[in-house]
K.L.:
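Below you will find the structure I want to go over with you.
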Amino acid sequence: MTHLPRQYHITTFGCQMNKADSERMAGILEEMGFQWAEDPEQADLVLYNTCTIRDNAEQKVYSYLGRQVKRKHEKPDLTLIVAGCVAQQEGELLLRRVPELDLVMGPQHANRLRDLLEQVFDGNQIVATEPVHIFEDITKPRRDSTVTAWVNVIYGCNERCTYCVVPNVRGVEQSRTPEAIRAEIEELGRQGFKEITLLGQNIDAYGRDLPGVTAAGRHQHTLTDLLYFVHDVPGIERIRFATSHPRYFTERLIRACAELPKVCEHFHIPFQSGDNAVLKAMARGYTHEKYRRIIDTIRRYMPDASISADAIVGFPGETEEQFQNTLSLVDDIGFDQLNTAAYSPRPGTPAALWDNQLAEDEKSDRLQRLNHLVSIRAAERSQRYLGRLEEVLVEDQNPKDPTQVMGRTRGNRLTFFTGDIAELKGQVVPVRITTVRAFSLTGENVANPLVCA
Ligand code: SAH
Ligand code: SF4
Ligand code: F3S
């Protein structure tokens with residue numbers, strides 16, 4: 001047995017919620033005296049924070065776990081944890097399948113990691129997947145960045161999209177209070193963070209579960225109210241939020257974004273399909289016409305706003321013609337970025353049981369055709385940046401070229417330019433864009449031109 005500090009490693013799969021949860025769990029482990037190990041093979045505690053949104057995401061976990069299980073046979077004091085959405089979905093079954101595991105814990109239990117681990121160190125094998133009220137987070141997350149930070153505002157999802165596991169694995173909506181959110185952002189401002197992203201699976205639902213209605217009968221704490229409430233936090237220069245649901249997106253929210261200078265002109269609003277019958281089968285609760293109206297309204301207030309979304313191809317029963325409607329929507333809107341996926345039947349979701357499933361090669365053919373269109377349209381959208389002056393918040397060095405730094409425009413385009421990271425990290429720099437690619441840009445710092453012609 002060694003007396004050196006025990007080392008931990010976390011591998012995170014999936015979405016921003018999981019990334020935020022991992023940062024909090026890392027904070028808890030460090031408070032317990034663990035030290036970060038870059039290499040999972042060196043760690044005494046390995047935690048996989050998992051995703052089950054599609055089958056391939058889930059399968060990845062099992063292949064990673066296989067290696068650690070082998071290690072555990074040689075190193076019995078290795079602590080093995082599966083957290084996140086696969087843990088929630090599989091629960092006890094996961095222990096039966098992988099008996100070497102010490103702890104299986106759902107996403108609602110992330111803040112309880114210390115308690116759970118103490119039980120493990122007492123010699124127990126633990127499954128923590130029962131629904132709980134998420135306690136206000138009093139831990140100090142170990143954040144990956146010193147410039148940008150995630151701030152959870154609502155956990156869970158009350159929608160019932162027929163393809164989606166998230167409500168099963170993340171539970172019902174639970175909003176944090178505006179005061180707790182503001183306190184966290186104030187602390188981030190004091191620590192020197194410059195940008196925050198407010199997070200929720202369905203962030204437009206923020207506040208519906210909090211008490212209080214206005215005289216007009218609307219909920220007192222909406223996302224729009226929250227934006228006004230946190231906008232003046234000192235030190236924070238940019239505010240983003242994700243993910244928006246078209247069903248609840250309001251003009252009031254759009255107006256607030258246009259009015260509040262720190263809120264960036266970038267909207268992530270998944271549409272999933274451009275066909276009304278498919279949208280109905282998905283139980284999304286809007287039509288493609290309504291989606292188009294939302295984008296029109298955004299562009300009326302903020303003509304240059306960047307728009308990103310998610311889409312699924314090959315949903316059960318989707319015909320070629322219905323797929324064409326998705327292509328038309330993508331062609332008409334011109335997204336700056338689109339996350340695309342082939343439909344994957346998920347356990348415990350209604351659509352997985354339908355008998356009108358499409359063949360895998362049909363789905364992947366549609367996915368390729370959609371991706372091709374997306375990259376053409378994104379490259380066209382990028383053209384508008386050429387020659388323009390953009391504010392870039394510098395986050396890091398370009399890992400592929402140490403003479404360059406990288407950051408994002410307000411519209412969320414990744415941008416590279418020549419500069420010294422030690423000097424520029426966390427600064428908003430005016431950059432003249434000289435080269436555009438579909439999903440990234442290159443430019444020159446015009447505040448402090450390094451190369452004078
Ligand atoms: N709350 C967000 C998205 C959550 S999941 C929303 O409502 O849009 C992220 C994305 O994964 C979804 O937008 C969807 O495009 C995709 N996705 C979810 N379930 C899927 C499935 N069964 N097969 C393929 N893609 C899926
Ligand atoms: Fe899933 Fe729909 Fe909830 Fe998004 S809104 S997380 S797609 S159920
Ligand atoms: Fe995956 Fe869970 Fe997020 S299933 S996408 S990690 S909510």
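We number each residue from 1, following the sequence as shown. Indexing begins at 1, ligand by ligand and atom by atom, following the structure's order.
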K.L.:
Work out how many protein N, O or S atoms lie closer to atom 2 (Fe) of ligand 3 than 2.8 Å.
P.N.:
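Number of qualifying protein atoms: 1.
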
K.L.:
Quick check: does any side chain N or O of E395 sit under 3.5 Å from a backbone N or O of K425, one acting as donor and the other as acceptor?
P.N.:
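Pair absent, no side-chain N/O of E395 close to backbone of K425.
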
K.L.:
Under the side chain to side chain donor-acceptor pair (under 3.5 Å) rule, what do S440 and R413 come out as? Steps first, then yes or no, please.
P.N.:
CA-CA 6 Å; S440 64; R413 268 281 189 280; over 6 Å; no

K.L.:
Ignoring hydrogens and angles, tell me if any N or O in the side chain of Y291 forms a donor-acceptor pair with the backbone of P270 under 3.5 Å.
P.N.:
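Pair absent, no side-chain N/O of Y291 close to backbone of P270.
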
K.L.:
I'd like to know whether the aromatic ring centres of F267 and F335 sit less than 6.0 Å apart in this structure.
P.N.:
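Between F335 and F267, which both carry aromatic rings, the centre distance is not below 6.0 Å.
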
K.L.:
Taking the six-membered ring for Trp and the full ring for Phe, Tyr or His, determine whether the centres of F241 and Y206 are under 6.0 Å apart.
P.N.:
no

K.L.:
Test of understanding: with side-chain contact (heavy atoms from CB on, under 4.5 Å), list the residues that count as partners of A258, not counting sequence neighbours.
P.N.:
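Partners of A258 under the side-chain contact (heavy atoms from CB on, under 4.5 Å) test: Y301, M302.
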
K.L.:
Heavy-atom distances under 4.0 Å decide this one: backbone, side chain, both or neither, for R284 against ligand 2?
P.N.:
side chain

K.L.:
At a 4.0 Å threshold, what atoms of ligand 2 neighbour a non-hydrogen atom of H245?
P.N.:
5 (S)

K.L.:
Evaluate side-chain contact (heavy atoms from CB on, under 4.5 Å) for L95 paired with Q125, printing each intermediate quantity in order.
P.N.:
CA-CA 9 Å; L95 269 197; Q125 218 178 8; 3.7 Å; yes

K.L.:
Hey, does the side chain of S382 reach the backbone of R437 with a donor-acceptor pair shorter than 3.5 angstrom?
P.N.:
yes

K.L.:
Mark yes or no for whether Q357, through its side chain, and A351, through its backbone, hold a donor-acceptor pair below 3.5 Å.
P.N.:
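Checked: pair present.
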
K.L.:
Which atoms from ligand 3 have a heavy atom of Q201 less than 4.0 Å away?
P.N.:
3 (Fe), 7 (S)

K.L.:
Taking the six-membered ring of Y62 as reference, does the cationic atom of R97 (NZ for Lys, CZ for Arg) lie under 6.0 Å from its centre and within 45° of its axis?
P.N.:
yes

K.L.:
Can you spot which of Q322, E320, E321 makes a side-chain hydrogen bond (donor to acceptor under 3.5 Å, both in side chains) with Q324?
P.N.:
E320

K.L.:
Is the distance between the ring centroids of Y248 and H245 less than 6.0 Å?
P.N.:
yes

K.L.:
What do you reckon, are the aromatic ring centroids of W354 and Y163 less than 6.0 Å apart?
P.N.:
no

K.L.:
For Q16, is the nearest heavy atom under 4.0 Å from an atom of ligand 3?
P.N.:
no

K.L.:
For V132, does its backbone N or O pair with a side-chain atom of Q108 as donor and acceptor, under 3.5 Å?
P.N.:
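Answer holds: yes.
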
K.L.:
Residues around ligand 1, heavy atom under 4.0 Å from any ligand atom, sorted by chain and number. Can you pull those?
P.N.:
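Close residues (ligand 1, cut-off 4.0 Å): I53, R54, Y163, Q201, T243, P270, Q272, R284, D310, I312, A341, A342, Y343, S344, R346.
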
K.L.:
Check whether any side-chain N or O of T79 sits under 3.5 Å from a backbone N or O of L45 as a donor-acceptor pair, and report yes or no.
P.N.:
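A pair under 3.5 Å: no.
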
K.L.:
By residue and atom, what protein N/O/S atoms are less than 2.8 Å from atom 1 (Fe) of ligand 2?
P.N.:
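N, O, S partners closer than 2.8 Å: C164 SG.
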
